[in-house]
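This one's a predicted model, so the numbers in the text were calculated from it and none came from an experiment.
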Amino acid sequence: MVSSALPSKRKSQPEKSQPENRGSAERPAQLLAWYDRHRRRLPWRAPAGQRSDPYRVWLSEIMLQQTTVKAVGPYFEKFLARWPEVSALGSADLDDVLRMWAGLGYYSRARNLHACAVIVMRAHAGVFPDTEEGLRALPGIGPYTAAAIAAIAFDRLTMPVDGNIERVVSRLFAVEEALPQAKPQIQALAATLLGPSRAGDSAQALMDLGATICTPKKPACALCPLNENCAARERGDQDTFPRKAAKKTGALRRGAAFVVVRGEEVLVQSRPAKGLLGGMTEVPGSEWLAGQEDAAALAQAPELADVKRWHRRLGVVTHVFTHFPLELVVYTAKVPARTRAPNGMRWVPIATLDGEALPNVMRKVVVHGLGE
DNA sequence: TACGCGTGGCA
DNA sequence: TTGCCAAGCGT
């Protein structure tokens, strides 16, 4: 329900210092009261009133970076079952962590997760730092995550600001400045929503509000506990916040992937540890370049003397990364039983591919290459 | 500062 | 179909 846009009587300045905005002092309490009635039950959340386990909070916060609650759920359970505490994770092999992370995306998170667990185990005796500053020094923990763990696990009086909270706050105060330039202003305004205690609940309340009521499109303002005091709603243009600078989309890149089958095995290699899909498993392939032709891609096939000719599969595999779309032509070949893998490559049974650290784009390639 | 970094769901 | 979006971080 979008009310008609009324002429705005007030300039669109943030209401930072406008005492005539009656009721704004009640927001922290209104927020917590709403949270106590409507909080979501999530696997990593402690029961109401109980302190959360820092390990679970940390693990969930890393997984939730730019990732939906729904996608994280099963991964969180898997990780917790296999590595119940930080010392167990710190003792694990990085390859095992990458395999368990496969499919969740943003794989540098998995490497940093493991590195962080090692540091906590060895340099902090297995105990997470309980301050924002201490947490911020750990790999994979930035300003948001440090504040979130400090508030949720250690009850520190700080307000983490994620995408949800940016949206809620930019609407509450009708912040006209565009992201990301508006981040400092939004951070300061968000801090005004903290009460004298329960910082972690205040943060999670804002996140739940953003996820369920103050949604990106068609926010359910009628159900919002703060709707009497929302500048954007008063103007009627709440769904135009937050303001954002236009983003550019990357150019299409093309390449070839080579699915080499030896009996019931397929040829794979590991990608370099850093960069795109760092440390993950892939089938050999050409470079991924904008404007590349098929012939150029085919010329980069792995050197296998036993391959008489490559068979090009019909169609292409498409995949869209955050910053560019990708089209891969898939070539296949069968080789004799004792063909040796080229340097740096290895044979993996097709039946165990599920356990490999295969990113989804490579799963698509393998399915396309092995399909009938 | 701005860009590189995955994936799946949604309208 | 296409673009947007989701509990950001590292460089």
Side-chain angles (χ1 to χ4, degrees), chain A residues 39-40 42-45 52 56-76 98 101-113 115-116 135-153 159-168 178-181 183-184 187 190 200 202-212 214-219 239 242 244-253 271-280 282 288 318-326 357-364:
Chain A
R39 68 199 292 268
R40 289 179 293 173
L42 301 172
W44 43 87
R45 273 189 187 167
S52 301
R56 296 185 185 213
V57 175
W58 165 71
L59 180 60
S60 66
E61 288 298 340
I62 301 299
M63 289 183 168
L64 285 162
Q65 289 167 4
Q66 297 290 285
T67 309
T68 58
V69 164
K70 183 181 176 187
V72 165
Y75 284 86
F76 178 81
L98 287 176
W101 196 276
L104 196 56
Y106 285 134
Y107 298 101
S108 67
R109 291 185 298 173
R111 294 194 298 277
N112 285 330
L113 186 85
C116 182
L135 290 161
R136 182 68 183 79
L138 294 168
I141 298 183
Y144 162 76
T145 305
I149 298 173
I152 297 169
M159 180 61 85
V161 178
D162 72 331
N164 282 310
I165 298 181
E166 280 178 350
R167 184 172 58 256
V168 173
L179 288 170
Q181 290 76 17
K183 280 177 182 289
Q187 172 73 60
S202 298
Q204 293 179 95
L206 282 176
M207 291 186 235
D208 280 14
L209 196 59
T212 63
C214 196
T215 48
K217 294 169 187 173
K218 304 188 179 190
D239 49 359
K244 289 188 183 181
K247 65 177 74 169
K248 40 199 158 189
T249 158
L252 170 70
R253 300 186 198 179
R271 294 178 62 87
K274 296 193 172 185
L276 181 67
L277 304 172
M280 303 297 285
E282 65 176 2
W288 300 344
T318 62
H319 192 78
V320 181
F321 293 98
T322 307
H323 47 305
F324 67 91
L326 175 68
L358 267 194
N360 278 6
V361 60
M362 284 299 144
R363 294 183 187 273
K364 291 184 195 174

Inset, instruction - Classify the angle between the aromatic ring planes of A:F321 and A:F324 as parallel (below 30°), tilted (30 to 60°) or perpendicular (above 60°). - result: tilted
Legend entry - Sugar-phosphate only, base, or nothing, as touched by A:P180 at under 4.0 Å among non-hydrogen atoms: nothing
Legend entry - Main-chain N/O of A:A102 paired with A:Y75 side-chain donor or acceptor, under 3.5 Å: yes
Inset, instruction - For A:F76, check ring pair (Phe, Tyr, Trp, His ring centres under 6.0 Å) against everything at least two apart and list the hits. - result: A:W44
Legend entry - Toward the 5' end of DNA chain B, by each residue's nearest nucleotide, A:Q181 or A:F324: A:Q181
Inset, instruction - Please state the P separation for the pair B:dC3 and C:dC4 - nearest whole angstrom. - result: 15 Å
Inset, instruction - Find the distance A:D239:CG to C:dC5:P and express it as a whole number of Å. - result: 12 Å
Inset, instruction - Quick one: label A:R167 by what it contacts on the DNA or RNA (base, sugar-phosphate, nothing), any heavy atom closer than 4.0 Å. - result: sugar-phosphate
Legend entry - Summary of protein contacts for nucleotides 6-11 of chain B, nucleotide by nucleotide, where a base hit scores B, a sugar-phosphate-only hit scores S (4.0 Å, heavy atoms): BBS---
Inset, instruction - Between A:K274 and A:A211, name the one whose nearest nucleotide on DNA chain C is closer to the 5' end. - result: A:A211
Legend entry - A:Q187 CD - C:dG8 C1' separation (whole Å): 14 Å
Legend entry - Interatomic distance at P, B:dG8 relative to C:dC9, whole Å: 23 Å
Inset, instruction - Mind checking side-chain hydrogen bond (donor to acceptor under 3.5 Å, both in side chains) for A:T67 and listing every partner two or more places apart, or none if nothing turns up? - result: A:R109
Legend entry - Atom-pair distance (CZ on A:R136; C1' on C:dG8), nearest Å: 11 Å
Inset, instruction - Could you state the atom-to-atom distance from CE of A:M280 to P of B:dC5 in whole Å? - result: 14 Å
Inset, instruction - Answer with base, sugar-phosphate or nothing: what part of the nucleic acid does A:P160 contact at a heavy-atom distance below 4.0 Å? - result: nothing
Legend entry - SB check A:R40 A:D208 (cutoff 4.0 Å): yes
Legend entry - Protein-nucleotide distance (A:I141, atom CD1; C:dG8, atom C1'), rounded to Å: 12 Å
Inset, instruction - Please report, rounded to the nearest Å, how far the P atom of B:dT1 is from the CG atom of A:L179. - result: 14 Å
Inset, instruction - Would you mind classifying the nucleic acid contact of A:S60 as base, sugar-phosphate or nothing, using non-hydrogen atoms under 4.0 angstrom? - result: nothing
Legend entry - Audit row: A:Y144, A:Q65, side-chain hydrogen bond (donor to acceptor under 3.5 Å, both in side chains) steps and yes/no: CA-CA 9 Å; A:Y144 162 76; A:Q65 289 167 4; over 6 Å; no
Inset, instruction - Mark yes or no for whether A:R271, through its side chain, and A:L276, through its backbone, hold a donor-acceptor pair below 3.5 Å. - result: yes
Inset, instruction - Would you mind classifying the nucleic acid contact of A:L113 as base, sugar-phosphate or nothing, using non-hydrogen atoms under 4.0 angstrom? - result: nothing
Legend entry - Between P of C:dC4 and NZ of A:K244, the distance in whole Å: 10 Å
Legend entry - Along DNA chain C (nearest heavy atom to each residue), the more 5'-positioned of A:P139 and A:D208: A:D208
Inset, instruction - Measure from CD1 on A:I62 to P on C:dC9 and round the result to the nearest Å. - result: 8 Å
Inset, instruction - Mind checking A:W44 for me? I need base, sugar-phosphate or nothing, with any heavy atom below 4.0 Å counting as a touch. - result: base
Inset, instruction - Would you mind telling me which of A:L138, A:L135, A:I152, A:I141 makes a side chain to side chain contact (heavy atoms under 4.5 Å, CB included) with A:W58? - result: A:I141
